[in-house]
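Following: one structure in structure tokens, then a few remarks.
Keep in mind that what you see is a predicted model, and the values were worked out from it rather than measured.
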Amino acid sequence: MSSTAVLGCMFGDEAKAKIVDVLANNSDFVVRFQGGSNAGHTIVSNGKKIVLHSVPSGILYDKTVCILGSGVVVDPFALNEEITQLEKQGINVSNRFFIDPRAHIVLPIHQELDSKSENDKRNRTKIGTTKKGIGPTYADKSARFGIRFSDLYNIDYLKERLTNLYFSHHLEISKEEIDKLVESLSEISKKFEPFKMQVPYFINEQYEKGADIIFEGAQGTLLDIDYGTFPFVTSSHTVSGSITIGCGISPKKIDRIVGVFKSYFSRVGEGPFPTELFDEIGNTIREQGHEFGSTTGRPRRCGWFDAIAAKYSAMINGVDEIALTLLDVLSGLKTIKICTAYIIDGKRTLEFPYDTNSLNNCVPEYIELPGWNEDITKIKKYDDLPKNAKNYIESIEELMDKKVSIVSVGPDRNQTIFRS
Ligand code: IMP
């Protein structure tokens, strides 16, 4: 029996999809348990780039079955488009892609509400969301006005629920508008009918049978609704605890937790970022790392590796081992810094603060390590990495008291170094 969780442990965009893709080679199932089409998962195989938003990253392997658990929010229109694009590229999803009927549906109203609140001048806390309607959908789920995937298969009930949903937002919708929306949803739901799956029964049974399962996280720990930099977070739980709720499996059945960390930090959207770089080095990292959002195209903010935030994240998730990605991006820097403490109001701390103000006011304390100039993108063995690159990795290991078991030195599958 074996299950592995692959989780982003920073502000998202840690290149989790690449790690899932590499590990999915040996996996029977890849299951997503939270988030929605706000995620942008980029995979490069043989030079070909594929960006996934809702479909799990195992879809590129013919034998891997991909599943969305109840904790995911599904935009049926966006998903339909994503599947059509995959099919055009020769990737067939039939009998290989399933959705829990409990999953909530993202509707146009949710995207409108998301955009409206982000654009409204009266809103003093702009989050910088992806405007994919994620927050309003999860809010409606908690408020019990949301629409579930299963509701698409009962037209009368769906109409009633939609009317109620609009009522809950104090919005008017005519019978004709409801009928039109239901009609377009019905068309998609016919196509999606074979995707319906009782995920908790299926996944538990498969685990007992000894299947190899990957739980694929979206976004990152520091965007978790509770443990992230609230309110500058996404609206779901992104941490390992969310797996059990988001697909109906016991925590006892998560055997291995791989924390994905970038070799530096990045963030897209608003919110505190203690080690953010505003200088040429930040620009160099952004350019070399192609740090532009895969969902929104926005430039990502870049900064030094923050061992305080990383340790906090590893603790909350129970990370067993680290996958360190984008190491190649740091090649050419004369020196590289790692944040090892925060100074807040004159006091030194090793704890990640719970409030945004402290994070905004904290002054990072750094250690400085020598960089390397060599191109490392073709290196296959750990021992062949430049001495200073190994020193950087081993410093992270020491600071975090965790093993770096995977090092990624480029976007392609084969640019991955496994350490025994
Ligand atoms: P939302 O998830 O669209 O509501 O956006 C909330 C915050 O999470 C914003 O700062 C987004 O930029 C960020 N976010 C959402 N999804 C991702 C992701 O997949 N990668 C990185 N940041 C994300």
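- For the pair R301 and F273, the cation-pi test (distance below 6.0 Å, angle within 45°) is failed.
- The main-chain N or O of D328 is found under 3.5 Å from a side-chain atom of S331 such that the two form a donor-acceptor pair.
- Between the N388 side chain and the G371 main chain, a donor and an acceptor come within less than 3.5 Å of each other.
- A cation-pi arrangement is not found for R161 relative to F167, the charged atom failing to lie both closer than 6.0 Å to the ring centre and inside a 45° cone about the ring normal.
- Of the possible donor and acceptor atoms, none in the side chain of D212 sits under 3.5 Å from a partner among the backbone N and O of D28.
- A 4.5 Å side-chain heavy-atom check between L86 and I50 finds at least one atom pair inside the cut-off.
- E394 and N391 form no side-chain donor-acceptor contact under 3.5 Å, judged by distance and modelled atom types alone.
- Contact check for N25 versus Y61: side-chain heavy atoms found under the 4.5 Å cut-off.
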Dump the intermediate steps for side-chain contact (heavy atoms from CB on, under 4.5 Å) on K403 and E397, then the final yes or no.
-> CA-CA 6 Å; K403 176 102 186 155; E397 282 185 321; 4.0 Å; yes

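- In this structure, a donor-acceptor pair under 3.5 Å is absent between the side chains of T221 and D224.
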Begin from the C-alpha positions of Q89 and Q85 and carry the test side chain to side chain donor-acceptor pair (under 3.5 Å) through to its verdict.
-> CA-CA 6 Å; Q89 294 180 72; Q85 289 307 323; 5.2 Å; no

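- Taking 4.0 Å as the cut-off between side-chain N and carboxylate O, K381 and D383 do not count as a salt-bridged pair.
- E118 contributes a side-chain N or O that, together with a main-chain N or O of I127, makes up a donor-acceptor pair within less than 3.5 Å.
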Full working for side chain to side chain donor-acceptor pair (under 3.5 Å) between Y207 and D255 | CA-CA 11 Å; Y207 179 86; D255 300 316; 2.9 Å; yes

Evaluate the criterion side-chain contact (heavy atoms from CB on, under 4.5 Å) for residue pair W372 and L385; output intermediate values, then yes/no.
-> CA-CA 10 Å; W372 60 92; L385 283 169; over 6 Å; no

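- One N or O on the side chain of T129 and one on the backbone of K131 form a donor-acceptor pair closer than 3.5 Å.
- A distance-only check finds no donor-acceptor pair linking the side chain of Y312 to the backbone of A307 [under 3.5 Å].
- At least one donor-acceptor pair closer than 3.5 Å links the side chain of D114 to the backbone N or O of G133.
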Using the side-chain contact (heavy atoms from CB on, under 4.5 Å) rule, take F265 and C302 through it: C-alpha gap first, then chi angles, then the decisive distance, then the call.
-> CA-CA 6 Å; F265 264 52; C302 296; over 6 Å; no

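- Taking 4.0 Å as the cut-off between side-chain N and carboxylate O, R267 and E291 do not count as a salt-bridged pair.
- Side-chain atoms of I67 and I203, non-hydrogen and from C-beta on, do get closer than 4.5 Å to each other.
- Considering only heavy atoms from C-beta on, I393 comes within 4.5 Å of L324 through its side chain.
- Ion pairing between D345 and K347 fails under the 4.0 Å rule for side-chain N and carboxylate O.
- A salt bridge links K209 to E205: one of the charged nitrogens lies within less than 4.0 Å of a carboxylate oxygen.
- When atom types are taken as modelled, the side chain of T229 and the backbone of F232 share a donor-acceptor pair closer than 3.5 angstrom.
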Could you give me the CA-CA distance, side-chain angles and deciding distance for W304 and I338, then say whether side-chain contact (heavy atoms from CB on, under 4.5 Å) is met?
-> CA-CA 6 Å; W304 296 122; I338 302 178; over 6 Å; no

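- I225 approaches S235 most closely through the heavy-atom pair CD1-CA, 3.9 Å.
- When only modelled atom types and interatomic distance are considered, T42 and K49 share no side-chain donor-acceptor pair under 3.5 Å.
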Could you walk me through whether Q415 and D412 pass side chain to side chain donor-acceptor pair (under 3.5 Å), step by step?
-> CA-CA 5 Å; Q415 293 173 296; D412 209 282; over 6 Å; no

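- A cation-pi arrangement is present between K196 and Y153, with the terminal nitrogen or guanidinium carbon under 6.0 Å from the aromatic centre and inside a 45° cone about the axis.
- Under 3.5 Å, the side chains of S266 and K262 contain a donor-acceptor pair of N or O atoms.
- When ring centroids are compared, F29 and F202 come within the 6.0 Å threshold.
- A donor-acceptor contact under 3.5 angstrom links the side chains of K18 and T416, judged on distance only.
- I105 pairs in a side chain to side chain contact (heavy atoms under 4.5 Å, CB included) with only one of the listed residues (V73, D75, D151, L152), which is L152.
- Between the side chain of N361 and the main chain of N357, a donor-acceptor pair closer than 3.5 Å is present.
- Not one N or O on the side chain of R102 forms a donor-acceptor pair closer than 3.5 Å with the backbone of C247.
- Listed here is the closest heavy atom pair of V268 and P299: CG2-O, 4.2 Å.
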Apply salt bridge (charged side-chain N to carboxylate O under 4.0 Å, His left out) to K402 and E321, showing your working.
-> CA-CA 6 Å; K402 297 269 175 255; E321 55 194 276; over 6 Å; no

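- For the pair Y264 and L330, the minimum side-chain heavy-atom distance is below 4.5 Å.
- Put simply, the side chain of P386 reaches to within 4.5 Å of the side chain of I376, judged on heavy atoms.
- Taking the side chain to side chain donor-acceptor pair (under 3.5 Å) definition, one finds that H110 meets it with T137, D140, sequence neighbours left out.
- In this model, no donor atom of one side chain and acceptor atom of the other lie less than 3.5 Å apart for Y366 and D306.
- Below 30°, between 30° and 60°, or above 60°: for F261 and F305 the angle between ring planes is between 30° and 60°, a tilted geometry.
- Looking at heavy atoms from C-beta onward, V6 lies out of side-chain contact with F215 at the 4.5 angstrom threshold.
- Looking at heavy atoms from C-beta onward, L185 lies in side-chain contact with F77 at the 4.5 angstrom threshold.
- Two rings, from F195 and F97, have their centers less than 6.0 Å apart.
- Side-chain atoms of N38 and Q219 include a donor-acceptor pair closer than 3.5 Å.
- Salt bridge annotation for D13-R300: present, with a cationic side-chain nitrogen under 4.0 angstrom from a carboxylate oxygen.
- Taking the six-membered ring where the residue is Trp, F352 and Y342 present tilted rings, their angle falling between 30° and 60°.
- Judged by distance alone, the side chains of E216 and S57 do bring a donor and an acceptor atom under 3.5 Å apart.
- Taking each heavy atom of P353 and S358 in turn, the nearest pair found is CB-CB, 3.7 Å.
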